Visitor: 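Please see the structure below; I have some questions.
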Amino acid sequence: MATQNPPGRFRWARRSRRIRRYSSLPSATAPSCPVSGLTGAALLSNGASRIVDRFRLVDWPGAMALLASSGPAEIVHRVRQAEARHAVAADDATVAHCTGLGTI
């Protein structure tokens with residue numbers, strides 16, 4: 001199981017046939033901040049994050065600005081264009097964008 005989640009690589013969970021349950025691998029971590037300081041949040045699959053980490057079309061602040069101005073569909077659209085331009089196989093590209101958190 002240790003080779004599935006090497007340091008610096010994508011984090012993922014898998015279903016084990018032996019234990020028949022889903023388990024999150026222990027090395028997955030996320031930064032934290034006070035909820036009172038949040039106005040929104042975004043979750044991007046590794047395919048959607050290609051806009052930053054593989055194709056370098058924008059940086060992370062730019063990706064968040066694009067989400068705020070144009071929505072998740074624009075992130076996916078730009079990733080698909082870059083995949084086609086670079087002749088790279090399409091990967092999953094999923095974006096969940098939560099807004100209005102400061103009003104809760």
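Counting from 1, the numbers follow the sequence of the chain as shown. Predicted model only: the values in this text are computed from it and were never measured.
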Visitor: Could you tell me the separation between the CG atom of Leu67 and the SG atom of Cys98, rounded to the nearest 0.5 Å?
Guide: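 Result: 10.5 Å between the selected atoms.
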Visitor: Measuring from atom OG of Ser49 to atom CH2 of Trp60, what distance do you get when rounded to the nearest 0.5 angstrom?
Guide: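 Here the rounded value is 5.0 Å.
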Visitor: Rounded at 0.5 Å granularity, tell me how far CD1 in Ile51 sits from CD1 in Ile75.
Guide: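 Rounded to the nearest 0.5 Å, the CD1-CD1 separation comes out at 4.0 Å.
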Visitor: Any idea which heavy atoms bring Val95 and Ala48 closest together, and the distance?
Guide: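 Taking every non-hydrogen atom into account, CG2-CB, 3.7 Å.
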Visitor: Can you list every salt bridge (charged side-chain N to carboxylate O under 4.0 Å, His left out) pair that touches residues 64-80, not counting sequence neighbours?
Guide: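 Qualifying pairs: Glu74-Arg78, Arg80-Glu83.
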Visitor: So which atom in Ser45 and which in Ala93 form the shortest heavy-atom distance, rounded to 0.1 Å?
Guide: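 In this case the closest contact between Ser45 and Ala93 is OG-CA, 3.5 Å.
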Visitor: Which heavy atom of Ala42 sits nearest to which heavy atom of His97, and what is that distance?
Guide: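 Minimum heavy-atom contact is CB-CD2, 4.2 Å.
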Visitor: If hydrophobic clusters are built from ILVMFWY residues whose side chains come within less than 4.5 Å, do Leu43 and Val58 share one?
Guide: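 No, Leu43 and Val58 fall in different hydrophobic clusters.
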Visitor: Hey, does Asn46 have a side-chain heavy atom less than 4.5 Å from the side chain of Asp92?
Guide: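 Yes - at least one pair of side-chain heavy atoms lies under 4.5 Å apart.
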Visitor: In chain order, what residues pass the salt bridge (Lys or Arg N to Asp or Glu O under 4.0 Å) check against Arg54, with sequence neighbours excluded?
Guide: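 By the salt bridge (Lys or Arg N to Asp or Glu O under 4.0 Å) rule, Arg54 matches no residue at all.
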Visitor: Let me check something: do Leu101 and Leu44 share a hydrophobic cluster, defined by ILVMFWY side-chain heavy atoms less than 4.5 Å apart, either directly or through other members?
Guide: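 No, Leu101 does not connect to Leu44 through the hydrophobic network.
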